[in-house]
Amino acid sequence: MSRTTRLSSSLLRAAAVTGVAALTLTACGSGSGSGSTSSGSGKVKVGLITKTDTNPFFVKMKEGAEKAAKENGAQLSTAAGKFDGDNAGQVTAIENMVAAGVKGILITPSDSKAIVPAIQKARAKGVLVIALDTPTEPESAVDALFATDNLKAGQLIGEYAKAAMKGKTAKIAALDLAPGVSVGVQRHNGFLKGFGATDKDVVCAQDTGGDQAKGQTAMENCLQKSPDINVVYTINEPAALGAYTALKAKGREKDVLIVSVDGGCTGTQAVKDGKIAATSQQYPLKMAAEGVKAVVTYAKDGKKASGYTDTGVTLISDKAQDGVTSKDTAYGLENCWG
């Protein structure tokens, strides 16, 4: 994903353990001092751990958590990995937050499986743990999940792509996320389901890490392998824009259909500009806000959030297809993030 950093500033301190990458940990709230997440105000302490603090999706998630913390009289501490996939950093963040006395932790797992032991330790100490955006494996490793239905998000763009091809034989390229990340698997599988295809119908599959530059390289590799590609599924809009750049360099940008997931403002604008045909928009601010409220409720009356809460997804396109429900980019830009 295209990276632009907008960090809220209150307190910054490095948290590190031997052989583990450092994370940025911030505390928000009246009376917070250097090196401490305690405000001394008796406010409910809530932790938010994202995959990175530069991805616009997680910047918006942090904004949602900060706003909800202020509205609900909570104190928010945040941490983020140095890169997408920094499981060790997220483990350190969980340990630091538990030691600081948080009542609940909201986390977008970088590694859905590897993070589970650290989550189990936190829950054993009475900390409510809610996954945002990305489920753990198993999903029951956390108390609750607030997220987009990523299978549905993929299915929507698959249905759109199938309708837009109007019966033409599809040569599909899949620009995926990374192995072992549930959100990537779900979007990929959803796309294939919506399109009515299987992995055997994908002529080229490449991992991009959701990065624009890697998306461009992946598309270049796919075009070398299969020059007649005419449909491109991408894990997110930065990867889609990377694919568009590679296609444009080959003069193919107008005859290849690109579909994606996320609904960030840059990506939604790219739909409006005709670079991406359609995207499934999700709502990170809502995920975080609902998560903060759930922790405050738990702290006040002991009621734990549980199960899965769908925070919604909307197909965005200015070229509507028969039989596929969508909204235009005017709606998308009003509700985008980043």
Side-chain angles (χ1 to χ4, degrees), residues 84-85 111-113 134-135 137-139 148-212 214-247 249-250 252-262 267 275-280 282 313 315 317 319 321-326:
D84 197 329
D111 189 312
S112 300
K113 294 180 180 179
T134 305
E137 294 183 40
E139 191 173 310
T148 306
D149 183 338
N150 282 293
L151 187 71
K152 181 180 179 181
Q155 187 172 343
L156 285 173
I157 58 170
E159 291 172 352
Y160 179 91
K162 181 70 172 180
M165 288 298 288
K166 302 188 184 303
K168 291 186 291 185
T169 300
K171 300 289 185 179
I172 302 170
L175 303 194
D176 292 311
L177 185 58
V181 183
S182 56
V183 63
V185 174
Q186 290 169 353
R187 292 182 187 183
H188 175 99
N189 290 344
F191 168 79
L192 293 178
K193 180 180 179 180
F195 200 92
T198 69
D199 279 316
K200 293 181 180 179
D201 299 306
V202 177
V203 298
C204 182
Q206 298 264 304
D207 290 331
T208 67
D211 179 78
Q212 185 164 341
K214 291 178 181 178
Q216 181 177 342
T217 300
M219 191 71 248
E220 290 167 350
N221 293 338
C222 283
L223 287 172
Q224 287 182 345
K225 179 181 178 181
S226 302
D228 57 348
I229 285 168
N230 55 11
V231 176
V232 180
Y233 154 79
T234 65
I235 180 62
N236 65 3
E237 293 147 2
L241 288 171
Y244 176 84
T245 300
L247 288 164
K250 294 290 186 179
R252 297 285 316 282
E253 75 275 15
K254 292 183 179 180
D255 64 335
V256 177
L257 184 78
I258 303 175
V259 292
S260 195
V261 178
D262 262 355
K275 297 177 180 179
I276 303 172
T279 193
S280 287
Q282 52 181 342
V313 62
L315 183 69
S317 179
K319 296 180 179 179
Q321 299 297 323
D322 291 340
V324 184
T325 301
S326 64

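If you're wondering where the values come from, they're calculated on a predicted model, not measured in any experiment. The chain is numbered in sequence order, starting from 1.
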If we count only N and O atoms by modelled type, under 3.5 Å, do the side chains of [X] and [Y] hold a donor and an acceptor together?
X    : Y    : answer
Q212 : Q216 : no
Q282 : D262 : yes
S260 : T279 : no
Y160 : S326 : no

Distance in Å, [X] [atom1] paired with [Y] [atom2], rounded so as to fall on 0.5 Å steps:
X    : Y    : atom1 : atom2 : answer
N150 : Q155 : CG    : CD    : 12.5 Å
I172 : K200 : CD1   : NZ    : 14.5 Å
D84  : L177 : CG    : CG    : 6.0 Å
I235 : K214 : CD1   : NZ    : 14.0 Å
D201 : K171 : CG    : NZ    : 9.5 Å
Q186 : H188 : CD    : NE2   : 12.5 Å

Does a side-chain heavy-atom distance below 4.5 Å link [X] with [Y]?
X    : Y    : answer
D176 : Q206 : no
D199 : L192 : yes
T134 : S112 : yes
R187 : Y233 : yes
C204 : N221 : no
V203 : I229 : yes

How close do [X] and [Y] get, heavy atom to heavy atom, and via which atoms?
X    : Y    : value
V256 : V231 : CG1-N, 4.2 Å
I258 : I276 : O-CG2, 3.5 Å
L175 : A239 : CD1-O, 4.1 Å
G194 : K162 : O-CB, 4.3 Å
S317 : A277 : OG-O, 2.8 Å
A153 : V261 : CB-CG1, 4.0 Å

Contacts of D322 meeting side chain to side chain donor-acceptor pair (under 3.5 Å) (sequence neighbours excluded), chain-then-number -> none
Decide yes or no on side-chain contact (heavy atoms from CB on, under 4.5 Å) for N189 and L151, but give the supporting numbers first.
CA-CA 7 Å; N189 290 344; L151 187 71; 4.2 Å; yes
Passes side-chain contact (heavy atoms from CB on, under 4.5 Å), Q321 versus K166? Steps please.
CA-CA 10 Å; Q321 299 297 323; K166 302 188 184 303; 3.2 Å; yes
Which is it for V324 and L315 under the side-chain contact (heavy atoms from CB on, under 4.5 Å) test, yes or no, and what are the steps along the way?
CA-CA 9 Å; V324 184; L315 183 69; 3.4 Å; yes
Taking only residues two or more places apart in sequence, or in another chain, which ones meet D255 in a salt bridge (charged side-chain N to carboxylate O under 4.0 Å, His left out)?
R252
With side-chain contact (heavy atoms from CB on, under 4.5 Å) as the test, would you mind laying out the steps for N230 and M165 before giving the verdict?
CA-CA 9 Å; N230 55 11; M165 288 298 288; 3.6 Å; yes
Who pairs with F195 by ring-ring contact (aromatic ring centres under 6.0 Å, His included), at least two apart in sequence or on another chain?
F191
